[in-house]
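Letters A, B, ... are given to chains in the order of the sequence lines, protein chains preceding strands, and every chain is numbered from 1. Only this structure's heavy atoms are used, side chains among them; waters, hydrogens and symmetry mates stay out. Small disclaimer: the values here were computed from a predicted structure and weren't measured.
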There are 2 protein chains.
Amino acid sequence: MARTGQRKPTSFDVAKLAGVSRSAVSRAFTPGANIAPETKDRVTQAAATLGYRVNSLARGLQQDHSGIVGLVASRLDTPLRSRQVRYLSEGLIREGYKPMLITVETPDHITELVDSLLSYNVAGMIFTSDSPPRALIEECGRMGLPVVLVNRAGVSNWGDRVVADNAAAGTLAAETLIELGATSLGCLVPRKETYSVSGRSKEFLKAAERMGVPTEVLHAEDQGYDLARAGVCATDRAVLDRIDGLFCATDLMAIGALDALRHDLGISVPDRIQVLGFDDIEQAAWASYDLSTIRQDVAAQSSTVLRLLVERMEDNTLDKRVENEPLAVILRGTTRQKAVNGR
Amino acid sequence: MARTGQRKPTSFDVAKLAGVSRSAVSRAFTPGANIAPETKDRVTQAAATLGYRVNSLARGLQQDHSGIVGLVASRLDTPLRSRQVRYLSEGLIREGYKPMLITVETPDHITELVDSLLSYNVAGMIFTSDSPPRALIEECGRMGLPVVLVNRAGVSNWGDRVVADNAAAGTLAAETLIELGATSLGCLVPRKETYSVSGRSKEFLKAAERMGVPTEVLHAEDQGYDLARAGVCATDRAVLDRIDGLFCATDLMAIGALDALRHDLGISVPDRIQVLGFDDIEQAAWASYDLSTIRQDVAAQSSTVLRLLVERMEDNTLDKRVENEPLAVILRGTTRQKAVNGR
DNA sequence: TTGAAAGCGCTAACAA
DNA sequence: TTGTTAGCGCTTTCAA
């Protein structure tokens, strides 16, 4: 720890102090390079005394990537998404990459943003955003850039994907509610469409119809607690009277619906209407909600994302892959006990 | 889909196509550079047809920074923090910087991580982490690297700070509860110390004593819903019986306490015990909690952080600054109505 | 196993 | 206003 406020030491300085060439310094900091252990020691020593560290910019300029991974996410302040980003970020770092975070709410500037990401020679990209424009993914494809999409449609021909299968999810939700005794199902659908949320909702409705159960659609302006709550409050009372099971494609919406039902409308859950959410966010387990839901295992999902990305960064000739993450039904207090002997 | 990217066009290619020098290309992409509009047009044209974009790595190597800002955060999956990171990230991007996100739970590797951040020639750093080691900040100081700390102690001599004043917060909390009729105050304190949470708690206790109101300390293992709830449940019943006001230095803890009180212990809030939180996270406003709290304005706070950072990135000779963010009392349903005429 | 030399793609100082 | 010329700090052939 010497030098205060000086010019940062370069490999040249280290080489000089260690009495070797700059190539030797480079090798000392390149895992698996051909270098004599004792030379490496000398270099490491010198580097330590000088406080030297490899300049990632220069290295990235020379090699074909900078070790940065673009992480594109929307609705970051949402419980599920923040957990996803946390796991993804931690995992990336653990693997020796550095996440560059791009948060976007509107697709307006996203092209420009991703563009600027590309200018950093990123090693790969992860899209958790609600709607990465297809053209963008294809540009990544054109550049041969590894991409993993999380819960996104396979809009493009490029990019590995990790998804919670919408059809499976919708069907599972319908089955669960029906099995628990619901005979008329509602589904709270946000007006702003989104791959996973809209997808699950539609599949839920299809599944219910397939099983011969009448359905109603309730609308919210968008996902999110407030709008879900407002949506349920604004729903025709006749519709509410008709249903005895409600599926919300997001726990956040389910919680909003729950508060609307119980606090605003005085409708008893689960006695009068059973409610089922999706995701299993932390809040679902909070005592005041105790929400039955279908769990999306974010930790497992993130591991898969990382595996796919790392594999492809190491070998870009792999075929395009799609991984389905398993779903688990978590029954809590917003649904009734299952009848002991089927019905 | 095995495609290896084509070689990316460089400023050289653009220069050739536009019939100018590489410097001209550089100037065309440097805001405010000295270049004839028509030359700039030609370059822009050529760049567009070639799909050229400036290589930020090369640019960052040449200039003194890469346009990357390190964003160090812990507990990212927590409502307050995720909102902070969202605003910070969006703001940074709006200002033309790119956030590199480092998430850390334990201070173990943080030095190494920040180190690797520095190797990207970051333009500045924002620490929202619970405990950035002092040595780290000082290293940033040694390098003259702009740093802003959010809600962190002024451990070091370097780094601008944005804080919600602990003393003011604690005092405000005590005053509020007392004014609302509480006569014996409890404070739920996490065993793991943290600058803001522990600080606020201590100041709250001090303030209460100063005002001649008896106090009790309740313990939780750590912040977070579950442990707060468990902590309250494990509290000696006599202690609970003695207090009629409870301050929790975090809404998340307050919500955990609330669920413990109401659901686990059957204690009525606010009739028997009034509860006051801190932060005003989204969940505090949810109907099932309707938590009275002291608001920390995350949006305003983030703007301040960005302002400080940008100012310093532009002029690093500024004196060290500390900005206090205003606090607002938000009275909801976990406290009683204020008596109409004094007490 | 090592060093010399040639770039990676860009910007900045200097001349024209 | 433009082009020329040096690097920025690193890795990587290629010889030795």
Side-chain angles (χ1 to χ4, degrees), chain A residues 6-44 46-47 50-68 115-123 143, chain B residues 5-44 46-47 50-68 115-116 118-123 143:
Chain A
Q6 298 245 351
R7 175 183 127 275
K8 274 189 265 182
T10 74
S11 70
F12 187 82
D13 303 316
V14 177
K16 203 156 132 191
L17 180 59
V20 297
S21 72
R22 295 163 70 212
S23 331
V25 178
S26 174
R27 291 188 187 105
F29 285 96
T30 304
N34 253 348
I35 185 172
E38 103 186 357
T39 313
K40 183 166 181 173
D41 275 357
R42 279 233 306 290
V43 172
T44 314
L50 253 37
Y52 167 80
R53 88 190 113 231
V54 177
N55 182 326
S56 300
L57 257 27
R59 172 177 276 183
L61 190 58
Q62 181 69 12
Q63 306 187 147
D64 64 331
H65 75 261
S66 59
I68 298 174
D115 225 59
S116 71
L117 224 45
L118 297 183
S119 80
Y120 283 97
N121 268 13
V122 292
M143 304 182 51
Chain B
Q6 331 157 341
R7 181 179 133 283
K8 279 186 260 183
T10 74
S11 71
F12 188 82
D13 303 316
V14 177
K16 203 157 132 190
L17 180 60
V20 296
S21 72
R22 296 166 70 213
S23 333
V25 178
S26 174
R27 290 187 188 106
F29 286 97
T30 304
N34 254 349
I35 185 171
E38 111 188 350
T39 312
K40 183 167 180 171
D41 275 358
R42 278 234 307 290
V43 173
T44 314
L50 254 37
Y52 167 80
R53 91 188 108 232
V54 177
N55 182 326
S56 300
L57 258 26
R59 173 178 274 184
L61 191 58
Q62 181 68 14
Q63 306 184 147
D64 63 333
H65 75 261
S66 59
I68 298 175
D115 225 60
S116 71
L118 298 182
S119 80
Y120 282 97
N121 267 14
V122 292
M143 304 181 50

Novice: Quick one: do the B:N121 and A:K8 side chains pair a donor with an acceptor below 3.5 Å?
Specialist: yes

Novice: Please find the earliest and latest nucleotides of DNA chain D, in the 5' to 3' direction, that have an atom within less than 4.0 Å of any heavy atom of chain B.
Specialist: D:dT1 to D:dG9

Novice: For a quick check of understanding: with a heavy-atom distance under 4.0 Å over all strands, which category does A:N55 fall into, base, sugar-phosphate or nothing?
Specialist: sugar-phosphate

Novice: Nearest heavy-atom pair of A:P9 and A:G51: which atoms, and what distance?
Specialist: CG-O, 3.7 Å

Novice: Note down the inter-axis angle between the two ends of the helix from C:dT1-D:dA16 to C:dA16-D:dT1, five pairs each, to the nearest 10°.
Specialist: 30°

Novice: Any side-chain to backbone donor/acceptor pair from A:Y120 onto B:S66? Under 3.5 Å, distance only.
Specialist: yes

Novice: Run the side chain to side chain contact (heavy atoms under 4.5 Å, CB included) test against A:A36 and tell me which residues pass, sequence neighbours left out.
Specialist: A:T39

Novice: Quick check: on DNA chain D, is the nucleotide nearest B:K40 upstream (toward 5') of the one nearest B:A58, or the reverse? Name the residue that is more 5'.
Specialist: B:K40

Novice: Atom CG in A:L57, atom CD in B:Q63: separation rounded to 0.5 Å?
Specialist: 10.5 Å

Novice: How about B:L61 and A:L61: do any of their side-chain heavy atoms sit closer than 4.5 Å?
Specialist: yes

Novice: Answer whether the closest heavy-atom distance between the side chains of B:V122 and B:H65 falls below 4.5 Å.
Specialist: no

Novice: Is A:L61 touching bases, backbone alone, or none of the nucleic acid, heavy atoms closer than 4.0 Å?
Specialist: base

Novice: Taking all atoms of both residues into account, what is the closest heavy-atom pair of A:A47 and A:F29, and its distance?
Specialist: CB-CZ, 3.6 Å

Novice: Run the side-chain donor-acceptor check on residues 10-26 of chain B: report pairs under 3.5 Å with partners two or more places apart or on a different chain.
Specialist:
unit_1 : atom_1 : unit_2 : atom_2 : d
B:T10  : OG1    : B:F12  : N      : 3.1
B:D13  : OD1    : B:R7   : NH2    : 3.4
B:D13  : OD2    : B:R7   : NH2    : 3.1
B:D13  : OD2    : B:T10  : N      : 2.7
B:S21  : OG     : B:S23  : N      : 3.4
B:S21  : OG     : B:A24  : N      : 3.3

Novice: Please tell me if the side chains of A:T30 and A:I35 come closer than 4.5 Å, counting only heavy atoms from C-beta onward.
Specialist: no

Novice: What is the first contacted nucleotide of DNA chain C and what is the last, in 5' to 3' order, if contact means an atom lying under 4.0 angstrom from a heavy atom of chain A?
Specialist: C:dT1 to C:dG9

Novice: Counting only heavy atoms and a strict 4.0 angstrom limit, can you tell me which residues of residues 13-32 of chain B come near DNA chain D?
Specialist: B:V20, B:S21, B:S23, B:A24, B:R27

Novice: When rounded to the nearest 0.5 angstrom, what distance separates CZ in A:R53 from CG in B:L118?
Specialist: 4.5 Å

Novice: How far apart are the closest heavy atoms of A:K40 and A:A28, and which atoms are they?
Specialist: CE-O, 3.6 Å

Novice: Once rounded to the nearest 0.5 Å, what's the spacing between atom CD1 of A:I68 and atom OG of A:S56?
Specialist: 8.0 Å

